[in-house]
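Every number for a ligand or one of its atoms is a count from 1 in the order of the listing.
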Amino acid sequence: MILDLDIGNTLSKWRLKDADSSEIRSRGAVWTREEWRPGSDIPDLDVVEAVRISSVARKVVLEETVTLLRRRVGAVHVARSTPEALGVTNGYEEPGRLGVDRWMGALAGYQLAGGCCSVDCGSAITVDFVLPGGRHLGGYILPGLRLMKESLKLGTRNVAIDPDSEAEELLVPGTRTVEAVNHGIYMAAVSAVNRIYSEVCDREGVPLPMLLTGGDARVISRGIQVPHAVWPDMVYAGLEACFPLTAAERAGKLSGAPGVPSPVSLEKIRAGLAFSMLL
Ligand SMILES: Nc1ncnc2c1ncn2[C@@H]1O[C@H](COP(=O)(O)OP(=O)(O)OP(=O)(O)O)[C@@H](O)[C@H]1O
Ligand SMILES: CC(C)(CO)[C@@H](O)C(=O)NCCC(=O)O
Ligand SMILES: [K+]
């Protein structure tokens, strides 16, 4: 079995992948911590022959995690943000400072779609761009839905947006505090992503396929105006592409990859931008 770990600032996601069949056997999430309990926080390490890690948590978390895993597992691969990988050049002035989850998402998106806009809707919402040809432009970081809500300190933090809500319900004026807050932060997030996408495609003169991942991807997706696809395993797919271990991975097959959304024309994107400026 292969253990894949996506360690975030607050939540750590894991999945177990069968090295022979390339099937995902199980998955889970726990609060990010320094000391893992194999068998409860993460699967029993006896069945694990290799680990792949993407971590944006504090340095000590990664260090402790790698120390534990190296004692028990033969191969431990840790992803890093590099100046170049898999045909993509990192747009950051200091490439190592780009969050490795963003780098994994951008690499996966490029493998799947060529140029792309990769959006991670987690604790933070990040939007990254890779042009056809592989130039990563850099991107945008904004607070995620939960962080935005908590920062208001209006006592509404425990009432989350129902992930099954329709965009139409979330975009109308709220008539209770919880609703006003939920609708406000939803509007902030989706308008930002819509606008960022249009501005960058306009600037670069190319319509790009958009890919969404992260805990809030499904609900954000309903407010996104352009064609896009939700890819829950996008960060894991970056790990697969960087450290291919199974036959399917070596053949370039990324697990859970969605169909590539065809972007609308540049003319439409520009017309939409011009329209929103007139209002
Ligand atoms: N059990 C949960 N705990 C926290 N957030 C949750 C939970 N379930 C869904 N969410 C939603 O998912 C979002 C976090 O998404 P995700 O798990 O992708 O985070 P992340 O960006 O990986 O986190 P991290 O900061 O740990 O990197 C939150 O904004 C929240 O709305
Ligand atoms: C922005 C987050 C927190 C999103 O998980 C992560 O990618 C991160 O810690 N990035 C480092 C800062 C940067 O990407 O510029
Ligand atoms: K993340």
- Message: Within this structure, what is the OH-CZ distance for the pair Tyr236 and Arg52, rounded to the nearest 0.5 Å?
- Response: 10.5 Å
Taking N or O atoms only and a 3.5 Å limit, does [X] qualify as a polar contact for ligand 2?
| X | answer |
| --- | --- |
| Val56 | no |
| Arg102 | yes |
| Asn9 | no |

In ligand 2, which numbered atoms sit nearer than 4.0 Å to a non-hydrogen atom of [X]?
| X | answer |
| --- | --- |
| Leu98 | 14 (O) |
| Tyr92 | 13 (C), 14 (O), 15 (O) |
| Asp101 | 4 (C), 5 (O), 6 (C), 7 (O) |
| Arg97 | 11 (C), 12 (C), 13 (C), 14 (O), 15 (O) |

- Is Asp120 touching ligand 2 with its side chain, its backbone, both, or neither, if touching means heavy atoms under 4.0 Å apart? neither
- Say whether Val230 and Tyr186 are linked into one hydrophobic cluster, either directly or through other cluster members, by side-chain heavy-atom distances under 4.5 angstrom. yes
- Do Thr67 and Glu63 have side-chain N/O donor and acceptor atoms under 3.5 Å apart? no
- the K ion (ligand 3) -> Asp120, closest N, O or S atom is OD2
- Query: Parallel, tilted or perpendicular: which describes the rings of Trp103 and His136, with under 30° parallel and over 60° perpendicular?
  - Reply: perpendicular
- Query: Is there an N/O/S atom in Asp101 that lies less than 3.4 Å from the K ion (ligand 3)?
  - Reply: yes
- Query: Do you know which of Glu49, Glu240, Glu23 makes salt bridge (Lys or Arg N to Asp or Glu O under 4.0 Å) with Lys17?
  - Reply: Glu240
- Message: Could you report the tightest heavy-atom contact between Asp101 and Val235, atom names first, then the distance?
- Response: O-CG2, 3.9 Å
- Item | From the candidates Gly99, Gly138, Gly214, Gly144, the one that places a heavy atom nearest atom 10 (N) of ligand 2 | Gly99
- Between Arg58 and Glu34, does a salt bridge (charged side-chain N to carboxylate O under 4.0 Å, His left out) hold up when you go through it step by step? CA-CA 9 Å; Arg58 288 174 303 121; Glu34 283 164 36; 2.8 Å; yes
